[in-house]
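Accompanying notes for the structure given below.
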Amino acid sequence: MKATDQIIDIIKREGAVTAKQIALRLNITTMGARQHLQGLEEEGFLRFEDVKVKVGRPNRHWSLTAKGHAQFSDRHSDLTVQFIDAIEQVFGSEA
């Protein structure tokens, strides 16, 4: 799996992350992580928010955009239909 795909997957599972967290997870440099994150932002998959800290620069937290979330299938509707079918089979059509 490509690093960019792994990054999108990590953010989908864990929520907003920093470049340092991505670097540690993927065993790459922080600069390498930043380059991947910026590339994904330019493509519209990620956005960032700078979070103030007590001392030093703000931490940049990266999260998925709607386009980033769209990379994952949404099977909720399928699950709902299966649930309704199961209820009908167990309790009949009037349930």
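Position 1 is the first residue of the sequence; numbering continues from there. Quick caveat: nothing in here was measured; it's all calculated off a predicted structure. As a basis for the values below, the full set of heavy atoms in this structure was taken, side chains included, without hydrogen atoms, waters or symmetry mates.
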Completion exercise
Scanning both residues in full, the closest heavy-atom pair of D9 with F72 reads OD1-CE2, 3.8 Å

Practice task
For residues H61 and T18, determine if any side-chain heavy atom of one lies less than 4.5 Å from a side-chain heavy atom of the other.
Solution key: yes

Practice task
Quick one: do I7 and F45 satisfy side-chain contact (heavy atoms from CB on, under 4.5 Å)? Show the steps, please.
Solution key: CA-CA 11 Å; I7 291 169; F45 293 107; over 6 Å; no

Practice task
Kindly work out whether a path of hydrophobic side-chain contacts (I/L/V/M/F/W/Y, heavy atoms less than 4.5 Å apart) joins L37 to V51.
Solution key: no

Problem - Linked, directly or transitively: I10 and L24 (ILVMFWY side chains, under 4.5 Å) - result: no

Exercise for the section: Could you tell me the separation between the CD atom of E43 and the CD1 atom of I8, rounded to the nearest 0.5 Å? Expected result: 8.0 Å

Exercise for the section: Applying side-chain contact (heavy atoms from CB on, under 4.5 Å), run through Q6 and L26 and close with a yes or a no. Expected result: CA-CA 8 Å; Q6 290 177 359; L26 298 182; 2.8 Å; yes

Practice task
Evaluate the side-chain proximity of E49 to W62: yes if any heavy-atom separation is below 4.5 Å, no if none is.
Solution key: no

Handout entry: Shortest non-hydrogen separation from A3 to H36 and the atoms involved
Key = CB-NE2, 3.7 Å

Problem - Atom CG of N27 with >12 non-hydrogen neighbours under 6.0 angstrom - result: no

Handout entry: E14 CD to Q21 CD distance, which is reported to the nearest 0.5 Å
Key = 7.5 Å

Practice task
Taking all heavy atoms of L64 and all of R47, pick out the closest pair and write down the distance.
Solution key: O-NH1, 3.2 Å

Exercise for the section: Identify the two heavy atoms, one from I11 and one from S63, that lie closest to each other, and give their separation to 0.1 Å. Expected result: CG2-CA, 3.8 Å

Practice task
Look at atom NZ of K20 and say whether more than 12 heavy atoms of other residues, nucleotides or ligands are closer to it than 6.0 Å.
Solution key: no

Practice task
Considering non-hydrogen atoms only, spot the tightest contact between I22 and A33 and give its length.
Solution key: CG2-CB, 3.9 Å

